[in-house]
Amino acid sequence: MSHVRVRFAPSPTGYLHVGGARTALFNWLFARKHEGTFILRIEDTDLERSSPEMIEGIIEGLRWLGLDWDEGPYLQSERLAFYRARAEELVASGWAYYCFCDPEELAVKRQQALAEKRTWKYEGTCRRLSAGEVARRIAAGHPRAIRFKVPEEGVTRFADRVYGEIEVRNESLEDFVLLRSDGYPTYHLSVVVDDADMRISHVIRGADHLSNTPKQILLYRAFGWEPPIFAHAPLILGPDRQRLSKRHGAMSVTAYRDMGFLPEAMRNFLALLGWSPGDPSREILRTSELIELFSLEGISRANAIFNFEKALWMNAEHLRAMSATELFPFVRAELEKEGLWREEYAQDRQDWFLWVVDLLKVRARTLRDFVTSGRPYFSDDFPMDPEAIQKNLRTSSAVKGLLLELADRFERLEPFDLQTTEQVLRGLAEERGVKAGVIINAVRTALTGSAVTPGIFDVIVAIGRERTVRRLRHVAAALC
RNA sequence: GCCGCUAUGGUGUAAGUGGUUAACACGCAGGCCUCUCAAGCCUGAGAGUGCGGGUUCAAGCCCCGCUAGCGGCACCA
């Protein structure tokens, strides 16, 4: 394959949603796989709906996902003269014409047709204007757009790498606008001109553009340019099979960051929405594997449904697969946000910290879990779950005495480690004729406020002798 | 309304050139392990491949029709 050049070309009319992120990811994977170039281009020609903040938001999303681009970001708003020149060229070559029709009048007609369920197509009024009439109106200063002259007969076809041969009769297309009367290009013009100018080899984008592609093919031909290879990816729908929208909750990729998703897991999950390596048993894939396996052939045609449960599962899998060292920066950021971070965790307490991360990651589904179920390890201020108290601390009147006795024995235990704490606890259980589980569960809740934790001796050692003894006595004192 | 695309358990995907009881993963139910919960391991329920025809000895794979969903049809992208 000659040099691969692909692009992600969002319009900054909203944040980076999962659909856009998936499209960006496909382009990025394809570029990395073929050692090609990944270009970021901002399609901000809709001055009303675009904003610099949205550009920032999209870039933030791409950065978080780790989708780095090799060129750009190019802003279409800075290339307006270029599009105008191209549009004028088409007028000169007879492929386009000036249109003086009033947009508002056309909109009225269009709406009327729609209301009556009739098909409406621009009649081509200005297409038939004489040269003299055109010159007269220009001289009179009439506002004018430029429309493309769609051939009246024939079909336009192209081979999509995902959907196969797509064919449309030209008569079903209307003479679409290339340049608006305010001098701004429409999408069809700018996208074709830029893809050609930037020598894009493969256009990988959402299937919502499939129906528009024939118009663009027509434009490439009119310009005398070779079209790129097109590959359309199926859309991502919500669980109700409707297009993803606010009512499905998190649409922005940064919302997944905030929920504690790993970029690695998000890339994995997004990659599998509308693409498959062909082996359904291998789903947990690191990014390097995604790059290796990615191909346009694996893109499916049916719309994909976003399954949040599966995304969570996948995140948990990645969490478990990553070492504490790899997880360190993510967990640190999470603790910092909660005000639980201490510099010593990066210094002399780092071994302890990494060990705790290893303990917690087994049960974690998101990074948030490190500051929720992880809280008792990093702070003395953690919530006590009433149900856990009921279940583990109020089971028997003996619990109070057992906790106090255990605290006493732990206080003078030397050394204080996994083996010795287990010996002491089990010894106490045997002496008093209670099941070890009763003491274990009571200690679990006394130390963490929860009924669900890692193995109890890990918890005891992680929390440490001093805090363990203090918490046991404190909880025992509260029991009557 | 017109044009286009798609259709395999609840979800995501498999099932080279049509060939036995449609596979895997998530989820779900139950069990083992066990100090809880996860993880892991074992077992199970769940689709006859949108519907209806056709071709064929044989169809999820081919053909036709229908239905549904989605997308497009803007001086939005």
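Throughout, protein chains are lettered first and strands after them, A, B, ... in sequence-line order, and every chain is numbered starting at 1.
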- Query: What nucleotide, of B:rC5, B:rG71, B:rC75, holds the atom closest to the side chain of A:Tyr163?
  - Reply: B:rC5
- Nearest-neighbour nucleotide for the A:Glu283 side chain, B:rU36, B:rA25, B:rA39 considered: B:rA25
- May I have the distance from A:Phe158 (atom CZ) to B:rG4 (atom P), rounded to whole angstrom? 13 Å
- Task: Go through B:rA77, B:rA39, B:rG71 for me and flag the one nearest to the A:Asp208 side chain.
- Result: B:rG71
- Counting side-chain heavy atoms from C-beta on, which of B:rC75, B:rC35, B:rC70 comes nearest to A:Leu235? B:rC70
- From B:rC70, B:rA14, B:rG10, nucleotide with atom closest to A:Ser276 side chain: B:rA14
- Using salt bridge (Lys or Arg N to Asp or Glu O under 4.0 Å) as the criterion, list what pairs up with A:Lys215, not counting sequence neighbours. none
- Message: So A:Ser190, base contact, sugar-phosphate only, or nothing? Heavy-atom distance under 4.0 Å.
- Response: nothing
- List the steps and the verdict of salt bridge (Lys or Arg N to Asp or Glu O under 4.0 Å) for A:Arg282 and A:Glu289. CA-CA 11 Å; A:Arg282 279 187 70 202; A:Glu289 297 175 289; 2.8 Å; yes
- Task: For residues A:Phe8 and A:Phe38, establish whether the separation of their ring centroids is below 6.0 Å.
- Result: no
- Dot-bracket summary - RNA chain B, pairs being Watson-Crick or G-U whose distances fall under 3.5 Å, with | when paired to another strand: (((((((..((((.....[...)))).(((((.......))))).....(((((..]....))))))))))))....
- Once you round it to whole Å, what is the distance between C1' of B:rG10 and CG of A:Asp240? 14 Å
- Roughly how far apart, to the nearest Å, are B:rC2 and B:rG65 at atom P? 16 Å
- Could you list by number each residue of residues 170-182 of chain A showing a heavy-atom separation from RNA chain B of less than 4.0 Å, or answer none if no residue does? A:Glu174, A:Val177, A:Arg180, A:Ser181
- Task: Flag the pair A:His209 / A:Tyr187 as yes when their ring centroid distance falls below 6.0 Å, and as no otherwise.
- Result: yes
